[in-house]
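Heads up: the structure comes next, in structure tokens.
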Amino acid sequence: MADFDVAVIGSGPGGQKAAIAAAKLEKRVAVIERRNMIGGVCINTGTIPSKTLREAVLYLTGLNQREMYGQSYRVKDEITVGDLGIRTQHVIGREIDVIRSQLSRNHVAVLPGTARFVDPHTLDVIDEQGRDVKITADKIIIATGTRPARPDSVEFDEETVIDSDGIVNLSAVPGSLIVVGAGVIGIEYASMFAALGTKVTVVERRERMLDFCDLEIVEALKYHLRDLAVTFRFGESVAAVERRARGALALLESGKKIPAETVMYSAGRQGMTDGLCLELAGLSADDRGRIQVDEHYRTVVPHIYAVGDVIGFPSLAATSMEQGRIAAHHACEEPLAGIHHLQPIGIYTIPEISFIGRTEDELTKAQVPFEVGISRYRELARGQIIGDTYGMLKLLVSPEDRSLLGVHVFGTGATELLHIGQAVMGCAGTIDYLVDAVFNYPTLAESYKVAALDAMNKLRRVARFEL
Ligand SMILES: Cc1cc2nc3c(=O)[nH]c(=O)nc-3n(C[C@H](O)[C@H](O)[C@H](O)COP(=O)(O)OP(=O)(O)OC[C@H]3O[C@@H](n4cnc5c(N)ncnc54)[C@H](O)[C@@H]3O)c2cc1C
């Protein structure tokens, strides 16, 4: 008999939920994780530190209160890394505690160390002192996540030239920052530092950013970030970064030189598979370290599964958790229905963005007709009360059956508000429900009713013209 029914490598959102789901199915489960990394990238260097930092920035800068109390409003004038770190460390500590407690309550054995395959059913777990222990398992779930990709041509020194992991270890808030790469992580950090007063330049190889989002909302975000003194250099690449006494000089391929105290690379992520000895289990990874899986998150070796960022898109904590649960159920021969086709996207820029379903561009390209219903926060009493005059909610509605094709939200609470639209879409509802429903007043949720009424009125106008 194997030592464990299920062994999970990595304790990020994917691994954690896989382990707990298997334990709930009364299996003997082990999670292998490196010391000081319980909770994975999510808790230690990614989602949780960045979202807590954002909250600290919004509070200490008083940014969201300036509409009411004037542009000079601040909770604290000189915000230090220490001020920001207190909140981050507090939340990380609490979250680790919650995860440890959940694992222990469910009798999941946590084995400290780094795992690698010895054969398809055996893992070697090596701790920090170099001691190793071999364990066997009937089923193995790989949830090893990713690390920031680092271009070979750039020398990282963890102070002047950093990647996104380095943000939490900065010794001071930089006066100027170059963000290389306008992906989600790059733009989230660009907006946080811009809010802190750092002079931010974003360099992006492509002509657009966040091109999977609604174009109008991305334009609104760019307007806001420019208002916070962010400079965008689209269609430009960094050729070299030279370190100088007062920071670094980024040399762009176009010949431009940009000086900054700190340069942060946010140039994609690499799957954490290089140390796993995958070949000893009959597995392999692609050049970005990603493992291929089927719809049950099973690799080519049927008793080995992979979930989370290590399998690639969408690389979100939210989806990783669900993948972990689905994989564990399949491995324990109690399969679930599979992942829901509707997946929300949340982008914690300042202001934040969230959407579900399709964009206007996608629908137009697919020649799917739609009507747009819009609600602007400034026309809602709650928007006025909180001083959010720029937020908006946009519903994309099918003229055929008034079902929702997409929901796009920009502004305060976007990532929370979105889930009302998700519920309506997930239950195949129409805007008729949103038009008829009574919402608490004054709320931002009311924007659903306003946008639904807007769409309904537009549909009616078209119908009248067709008479
Ligand atoms: C800056 C940043 C912000 C983000 N913000 C968001 C957000 O707002 N919302 C969202 O949904 N997602 C966000 N993400 C993405 C999210 O963090 C990831 O999708 C999620 O953490 C992936 O979970 P995972 O289970 O794949 O494992 P990870 O969280 O990547 O953890 C993997 C774990 O495996 C361990 N491991 C690796 N190799 C081994 C080995 N050989 N042996 C033992 N252990 C090993 C690692 O130590 C690590 O702890 C963000 C990411 C970053 C970097």
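For ligands, and for the atoms within them, numbers begin at 1 and follow the listed sequence.
Per-residue contacts place Lys51 under 4.0 angstrom from the following atoms of ligand 1 (heavy atoms of the residue considered): 3 (C), 4 (C), 5 (N), 6 (C), 7 (C), 8 (O). When each atom of ligand 1 is checked for a heavy atom of Ala115 under 4.0 Å away, the hits are 40 (C), 41 (N), 42 (N), 43 (C). For ligand 1, the atoms sitting less than 4.0 Å from at least one non-hydrogen atom of Leu316 are 10 (C), 11 (O), 12 (N), 19 (O), numbered in the order shown with element in parentheses. For ligand 1, the atoms closer than 4.0 angstrom to any heavy atom of Arg269 are 53 (C). Proximity to Ile9 (heavy-atom distance under 4.0 Å) selects the following atoms of ligand 1: 40 (C), 42 (N), 43 (C). Residue-ligand proximity, Ser315 to ligand 1, at heavy-atom distances under 4.0 Å covers atoms 15 (C), 19 (O). With ligand atoms numbered from 1 in the order given, ligand 1 contributes 26 (O) to contacts under 4.0 Å with heavy atoms of Gly308. The distance from ligand 1 to the heavy atoms of Ala318 drops below 4.0 Å at these ligand atoms: 11 (O).
In this structure, Ala143 counts as a contact residue of ligand 1, since one of its heavy atoms falls inside 4.0 Å of the ligand. Not a single heavy atom of Pro148 sits closer than 4.0 Å to an atom of ligand 1. Residue-ligand proximity: Gly275 is placed with every non-hydrogen atom at 4.0 Å or more from ligand 1.
More than 12 heavy atoms of other residues, nucleotides or ligands sit less than 6.0 Å from atom CZ of Arg288. Residue-environment remark: CD (Glu78) stays at or below the threshold of 12 foreign heavy atoms within 6.0 Å.
Salt bridge status for Arg147 with Asp165: absent, with no side-chain N to carboxylate O gap under 4.0 Å. No salt bridge links Lys139 with Asp5; every basic N to acidic carboxylate O contact stays at or beyond 4.0 Å. Checked for salt-bridge contact, Arg34 and Glu128 miss the test: no charged N lies under 4.0 Å from a carboxylate O. A salt bridge between Lys394 and Glu216 is present, with a side-chain N of the basic residue lying under 4.0 Å from a carboxylate O of the acidic one.
Within the 4.0 Å heavy-atom criterion, neither part of Ile43 lies near ligand 1. At a heavy-atom cutoff of 4.0 Å, ligand 1 is contacted by both the backbone and the side chain of Ala317. Contact annotation: for Thr47 versus ligand 1, heavy atoms closer than 4.0 Å belong to both the backbone and the side chain. At a heavy-atom distance under 4.0 Å, only side-chain atoms of Ser320, from C-beta outward, approach ligand 1.
Rounding to the nearest 0.5 angstrom, the gap separating the CD atom in Glu446 from the OG atom in Ser375 is 7.5 Å. Interatomic distance, CZ of Arg325 versus CE of Met321, reported as 12.0 Å (0.5 Å rounding). Note that the CE atom of Met192 and the OH atom of Tyr348 stand 11.0 Å from one another [nearest 0.5 Å]. Rounded to the nearest 0.5 angstrom, Asn106 CG and Glu26 CD are separated by 11.0 Å.
Distances between N or O atoms of Val310 and those of ligand 1 include no value under 3.5 Å. Checking only distances, Val41 does come within under 3.5 Å of ligand 1, N or O to N or O. Inclusion of Arg34 in the set of residues having an N or O under 3.5 Å from an N or O of ligand 1 is warranted. At least one N or O atom of Cys42 sits closer than 3.5 Å to an N or O atom of ligand 1. An N or O contact shorter than 3.5 Å links Glu33 to ligand 1 by distance.
The cationic group of Arg150 lies under 6.0 Å from the six-membered ring centre of Phe156 and within 45° of the ring axis, placing it in a cation-pi geometry.
Counting only heavy atoms of the protein, atom 27 (O) of ligand 1 lies nearest to Gly12 CA, 3.8 Å. The closest protein non-hydrogen atom to atom 24 (P) of ligand 1 is Pro13 CD, 3.9 Å. Nearest protein neighbour of atom 37 (C) of ligand 1, counting heavy atoms only, is Thr144 O, 3.3 Å. Nearest to atom 30 (O) of ligand 1 among the protein's heavy atoms is Gly145 CA, 3.3 Å. Summary of contacts: the protein heavy atom closest to atom 25 (O) of ligand 1 is Gly14 N, 2.8 Å. Nearest protein heavy-atom contact of atom 18 (C) of ligand 1 is Asp309 OD2, 3.2 Å. Ser50 OG, 3.4 Å is the protein heavy atom nearest to atom 3 (C) of ligand 1. Of the protein's non-hydrogen atoms, the one nearest atom 34 (O) of ligand 1 is Gly10 CA, 3.3 Å.
Judged purely by distance below 3.5 Å, without hydrogens or angles, the side chains of Arg105 and Ser101 pair a donor atom with an acceptor atom. Donor-acceptor pairing under 3.5 Å is lacking for the side chains of Glu261 and Thr160. Using a 3.5 Å distance cut-off with no hydrogens or angles, the side chains of Thr349 and Glu188 do not pair a donor with an acceptor.
Counting heavy atoms only, Gly113 comes closest to atom 43 (C) of ligand 1 of the residues Gly113, Gly39, Gly40.
Ring centroid separation for the pair His330 and Tyr297 does not come in under the 6.0 Å cut-off. Between His121 and Phe4, the ring centre distance reaches or exceeds 6.0 Å.
A parallel orientation is assigned to the rings of Phe234 and Phe232, their planes being inclined by less than 30° (bins at 30° and 60°).
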